Amino acid sequence: MELVVSLEFSGGAELLFDKVKNHEVSLPARANGPWTIKHLLVWIKDNLLKERPELFVQGDTVRPGILVLINDADWELMGELNYELKSKDRIVFISTLHGG
Amino acid sequence: MPVKCGLCEKKAILKRPKTGDALCKDCFFWAFEEEVHKTIIDANLFSPGEVVAIGASGGKDSTVLAYTLKTLNERYDYKLDLILLSVDEGITGYRDDSLETVKRNQQQYELPLKIISYKELYGWTMDDIVKQVGLKNNCTFCGVFRRQALDRGAMLLKVDKIVTGHNADDIAETVIMNILRGDIARLKRCTAITTGADGALPRCKPFKYTYEKEIVMYAYFKKLDYFSTECIYSPNAYRGHARTYIKDLEAIRPSSIIDIIHSGECMAVKKEVKLPVQGTCSRCGYISSQEVCKACVLLEGLNKGLPKLGIGKPHKVKKLEAQGKIFTDTKNPKFVENRDADKGSMANNAAALDF
Amino acid sequence: MCSVQDGEDVIPERKKTGKFTEGERRPCMKCGESAAVIIRVNDAFCRGCFLTYCTHKFRSAFGKSKLIRDGEKVLVAFSGGQSSTALLHLIQEGLSERAQKKLRFIPSFVFIDEGAVLNQTQEERSETCQQVAALLQQSGFPWNIISLEKIMQESNSLEKFELSEQFESLHVSEKDQEELKSLWNSVKTLSAKEEMIRTLRSRLLVSIATAGGYSKVLVGDTGTKLSIRLLSDVAQGRGMHLPFETGFADCRHPEMKIVRPVRDFTAKEVAMYNAFHNLQPLVLPALTTKAASNASIERLTETFVTGLQADFPSTVSTIFRTGEKLSVEDMDSEVDRCQFCQAPLDTNVPASSALNATLFSQSLSQKSSTSTIGGASNCDKTDSCCGEGDGSCQTQKDFRLTKEDLADVLCYGCRLVIKDMNSVDDLLPANVLQSAAAAVRRKKMKDEIQDFLLPS
């Protein structure tokens with residue numbers, strides 16, 4: 001089943017997404033296991049990022065200095081990369097880096 | 001068109017990493033040596049008649065240092081008695097090979113050589129220690145033990161001074177490390193060219209302003225014989241971060257290394273900040289800011305099968321001691337016996353600890 | 001030799017990532033509610049307690065320092081970004097009637113438009129200013145917008161600083177625009193450009209504030225930004241000036257203190273504060289927007305520090321605490337100051353020093369040459385010098401300040417900036433060149449009479 005989540009990029013992170021802040025996305029069903037933030041990052045990199053992927057992802061995580069909020073809570077409280085996405089989740093990426 | 005040397009009419013063969021100027025081989029050698037000479041003179045590092053031990057590891061820095069000091073000693077008549085002093089940490093496949101290099105240097109430069117080993121000083125080789133503690137904290141042991149081993153070897157040789165091959169990159173890296181670790185006492189001391197001048201055995205760094213890249217170039221063009229393998233027990237990862245940062249900075253602005261040293265030289269610590277007071281170790285007499293010095297704590301840990309002792313916070317050591325679990329015997333066979341020999345002279349070696 | 005040294009075993013702790021299972025979210029350490037944010041090394045706070053913590057931290061920064069008196073007029077530098085957005089909101093809250101421990105100063109806000117050095121068109125600049133004006137207008141505080149070009153004017157023309165009611169258009173004289181452009185284009189590296197803009201911005205803020213009768217300038221630097229600044233300052237030879245650059249108050253300018261009231265906040269806290277309050281900071285481009293991590297020294301340092309911080313959560317606070325323990329010695333009014341950044345000179349060093357070692361290296365590997373920038377040398381050669389030593393002869397059009405002369409009256413860090421410039425003459429702002437020329441002249445006079453001075 002498809003998973004619909006909303007993504008928001010701000011603090012300058014949106015510059016890498018054609019300056020579009022809000023994205024409603026449907027993620028295709030995954031054959032083996034649930035969607036996690038880790039999978040989501042790969043999906044974002046392949047499907048949404050417009051330029052300079054290294055300024056958003058590094059290794060399998062976000063570039064240090066980009067905060068992640070899952071439903072208005074710090075992702076550090078939610079298992080970070082291992083958080084399993086649920087329908088209607090709202091994931092916010094905020095860059096705290098100079099110049100975005 | 002070939003680039004001409006900026007100083008003579010010959011063809012330039014290198015661009016100085018430090019200044020970016022194109023020079024020929026001979027003019028580079030000359031500039032390199034003059035700069036080290038200038039450092040020695042400006043900082044008043046030596047006096048005529050002194051016996052100076054060169055901490056020799058067989059690596060590029062200490063090999064170039066031995067060669068340069070010998071050259072300058074003859075050229076400018078410093079009247080120094082130079083001796084090579086090597087520490088054998090007991091690392092198979094690394095130090096045993098590099099010591100062969102030092103032995104060849106001894107012949108090539110006709111300098112006396114003294115090798116002092118961890119085994120004879122502490123009863124443990126680094127190979128033994130790694131078997132006990134694993135690869136995580138082994139560098140801590142090695143760093144602490146080497147510092148004392150050099151001093152101890154120098155004492156046996158009755159030298160006036162120790163010189164080490166620490167270069168500008170090493171010092172810049174140490175400045176950054178000490179900021180990252182919040183170690184204000186070491187931050188204050190780490191840019192001094194000579195440490196321990198008031199104590200028994202001063203140490204100095206004639207390559208303080210010499211770029212690592214220039215040392216490599218000098219060794220390369222002089223065809224000096226040195227050992228260039230990294231230690232098989234990889235150095236701690238955290239220092240690696242600082243090292244990468246320095247290298248990246250140098251790529252952006254080559255003067256960064258010297259700029260960091262300038263920063264370190266100009267920092268002033270607030271008067272109200274308390275710095276650790278250095279006393280002497282109650283077990284061996286070596287200088288220490290704790291009651292028992294780090295080497296004794298680490299060694300006690302090894303001997304009691306508590307390899308983590310001394311890694312991290314000192315209060316754990318105090319607790320175990322209060323419980324009567326460590327430091328129960330006053331005689332710690334090999335170590336104490338070796339150290340007792342010149343206990344008196346170690347006691348007034350305060351401030352020699354850091355550089 | 002292995003560079004690992006004694007005493008290095010005290011290494012910061014790595015980040016611990018706990019296992020997470022739904023329904024087990026950590027409680028807030030204050031009230032026990034479900035937590036929403038982790039701050040410091042590993043403290044969990046709920047939304048409400050986090051916001052209270054922020055407000056408290058902000059107000060106590062003023063309380064502790066006792067730097068700003070009741071009723072004092074302060075100028076707040078507003079950039080529109082994360083930390084100024086939070087700063088504006090914290091001030092609004094702090095001044096509101098319902099606030100406990102109410103703040104009692106009187107703020108005005110100023111935005112400096114730096115579009116000129118970002119290669120923006122007039123339209124883009126206007127659009128930015130419109131956005132900022134709307135935000136400031138909404139705040140209800142007095143405000144104004146100034147373009148960076150104003151720094152090229154003689155200082156006295158800034159006496160006209162006024163607050164505005166609405167934004168119409170950016171007033172930039174063509175002459176200033178051209179002059180700033182030439183100055184900017186002569187700076188060759190991005191690292192030096194970043195330093196240049198930082199110094200110009202500070203100078204402009206100080207002169208605007210002076211002209212407007214303010215006694216303090218408030219800026220929104222966070223602890224994260226300041227720890228990056230600290231390390232990048234060290235890398236750019238500014239070790240002596242760290243207490244000015246990163247302290248609560250920058251006291252280098254004799255009549256104006258620059259105060260950093262959010263310096264106890266991390267970048268994360270500021271971003272969380274904004275997110276929880278639904279504030280929308282502007283995203284304005286900077287010099288290094290979308291640039292690679294090695295584009296400049298500051299950029300590299302930011303990458304380095306944020307990268308370490310991700311693995312070792314105490315990184316920023318440790319760097320910060322290191323800075324807290326430093327001071328600037330000999331800070332009396334008589335001290336010789338850098339003619340550009342105004343900090344005390346750090347170039348009066350002993351023979352054995354990094355600076356002299358570098359000068360020696362340069363003298364060795366270059367044939368002796370005295371390159372003068374901009375043709376004829378200064379008034380040593382032209383006999384038109386009035387000899388006043390107060391800089392009065394810089395008014396003469398043919399006065400030329402060489403790069404070497406200028407370097408003599410700059411600190412180590414500012415010397416590095418001009419070293420990365422093609423030329424300095426006629427390019428730096430007039431007031432900088434004027435005071436530098438006066439300082440050069442004074443220095444030369446002092447050298448001449450040196451033999452007759454008695455040791456004090």
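Here is the naming used below: chain letters follow the sequence lines, and residue numbers restart at 1 for every chain. Keep in mind that this is a model prediction, so the values were computed, not measured.
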Engineer: Return the option, out of C:Val316, C:Thr301, C:Asn356, C:Leu190, with the maximum number of heavy-atom pairs under 4.5 Å with chain B.
Structural biologist: C:Thr301

Engineer: What part of B:Ile179 is in contact with chain C, defined as an atom under 4.5 angstrom from a non-hydrogen atom: side chain, backbone, both or neither?
Structural biologist: both

Engineer: Side chain, backbone, both or neither: which part of C:Thr189 has an atom under 4.5 Å from a heavy atom of chain B?
Structural biologist: side chain

Engineer: Among C:Thr358, C:Leu308, C:Leu355, single out the residue with the greatest number of heavy-atom pairs under 4.5 Å to chain B.
Structural biologist: C:Leu308

Engineer: Test side-chain contact (heavy atoms from CB on, under 4.5 Å) on B:Thr63 and B:Phe227; report intermediate values, then the result.
Structural biologist: CA-CA 9 Å; B:Thr63 302; B:Phe227 183 78; over 6 Å; no

Engineer: Please flag which part of C:Leu416 lies under 4.5 Å from any non-hydrogen atom of chain B: side chain, backbone, both or neither.
Structural biologist: both

Engineer: Hey, is C:Asp420 close enough to B:Arg253 for a salt bridge, meaning N to O under 4.0 Å?
Structural biologist: yes

Engineer: Of the backbone (N, CA, C, O) and the side chain (C-beta and beyond), which part of B:Ile176 lies under 4.5 Å from a heavy atom of chain C, both, or neither?
Structural biologist: side chain

Engineer: Name the option with the most non-hydrogen atom pairs under 4.5 Å to chain C; the candidates are B:Thr244, B:Leu7, B:Ile258.
Structural biologist: B:Leu7

Engineer: Find the one option among C:Glu324, C:Lys325, C:Met240 whose heavy-atom pairs under 4.5 Å with chain B are most numerous.
Structural biologist: C:Lys325

Engineer: What's the separation between atom SG in B:Cys24 and atom CH2 in B:Trp30, rounded to the nearest 0.5 Å?
Structural biologist: 11.0 Å

Engineer: With no hydrogens and no angle check, do the side chains of C:Glu194 and C:Ser296 hold a donor and an acceptor under 3.5 Å apart?
Structural biologist: yes

Engineer: Could you look at B:Leu187 and say if it's the side chain, the backbone, both or neither that has a heavy atom under 4.5 Å from chain C?
Structural biologist: side chain

Engineer: Quick one: what part of B:Val273 sits under 4.5 Å from any heavy atom of chain C, side chain, backbone, both or neither?
Structural biologist: side chain

Engineer: Relative to each other, are the rings of C:Tyr412 and B:His262 parallel, tilted or perpendicular (30° and 60° limits)?
Structural biologist: parallel

Engineer: If you count heavy-atom pairs within less than 4.5 Å of chain B, which of C:Ser353, C:Gly413, C:Gly239 leads?
Structural biologist: C:Ser353

Engineer: What residue, out of B:Ile257, B:Asn178, B:Leu249, has the most heavy-atom pairs lying under 4.5 Å from chain C?
Structural biologist: B:Leu249

Engineer: Measuring heavy-atom distances to chain B, does C:Ser365 have an atom under 4.5 Å in its side chain, in its backbone, in both, or in neither?
Structural biologist: both

Engineer: Name the region of B:Val87, side chain, backbone, both or neither, that has any atom closer than 4.5 Å to a heavy atom of chain C.
Structural biologist: neither

Engineer: Do the side-chain N and O atoms of C:Ser423 and C:Ser186 include a donor-acceptor pair separated by under 3.5 angstrom?
Structural biologist: no

Engineer: Can you list everything that forms a salt bridge (charged side-chain N to carboxylate O under 4.0 Å, His left out) with C:Lys268? Sequence neighbours excluded, please.
Structural biologist: A:Asp74, A:Glu76

Engineer: Without hydrogens or angle criteria, can the side chains of C:Ser232 and C:Arg229 be said to hold a donor-acceptor pair below 3.5 Å?
Structural biologist: no

Engineer: Find the one option among C:Thr303, C:Thr315, C:Leu231, C:Ile319 whose heavy-atom pairs under 4.5 Å with chain B are most numerous.
Structural biologist: C:Leu231

Engineer: When rounded to the nearest 0.5 angstrom, what distance separates OH in B:Tyr94 from OH in B:Tyr233?
Structural biologist: 12.0 Å

Engineer: Tell me, for B:Tyr209 versus chain C, whether the close heavy atoms (under 4.5 Å) come from the side chain, the backbone, both or neither.
Structural biologist: side chain

Engineer: Can you tell me which portion of C:Arg321 sits under 4.5 Å from chain B's heavy atoms? Options are side chain, backbone, both or neither.
Structural biologist: neither

Engineer: Under a 4.5 Å heavy-atom cutoff, which of C:Ala354, C:Ser352, C:Ala357 has the most pairs with chain B?
Structural biologist: C:Ala354

Engineer: Under 4.5 Å from any heavy atom of chain C, what part of B:Glu34 do you find: side chain, backbone, both or neither?
Structural biologist: both

Engineer: Check this for me: does any side-chain nitrogen of one of B:Lys38 and B:Glu35 sit under 4.0 Å from a carboxylate oxygen of the other?
Structural biologist: no

Engineer: To the closest 0.5 Å, what do you measure between NE2 (B:His166) and OG (B:Ser62)?
Structural biologist: 10.0 Å

Engineer: Under a 4.0 Å N-O cut-off, is there an ion pair linking C:Arg198 with C:Asp233?
Structural biologist: yes

Engineer: Taking side chain as everything from C-beta outward and backbone as N, CA, C, O, which of these in B:Ser256 sits under 4.5 Å from a heavy atom of chain C? Side chain, backbone, both or neither.
Structural biologist: both

Engineer: In plain terms, say whether C:Glu245 and C:Arg260 are close enough for a salt bridge, that is, a side-chain N and a carboxylate O under 4.0 Å apart.
Structural biologist: no

Engineer: With a 4.5 angstrom heavy-atom cut-off, is it the side chain or the backbone of C:Leu242 that approaches chain B, or both, or neither?
Structural biologist: side chain

Engineer: Top residue by heavy-atom pair count (under 4.5 Å) with chain C, among B:Gly264, B:Gly58, B:Ser263?
Structural biologist: B:Ser263

Engineer: With a 4.5 angstrom heavy-atom cut-off, which part of B:Leu180 approaches chain C: side chain, backbone, both or neither?
Structural biologist: both

Engineer: What class does the angle between the rings of B:Tyr245 and C:Phe304 fall in, given that below 30° is parallel, 30 to 60° is tilted and above 60° is perpendicular?
Structural biologist: parallel

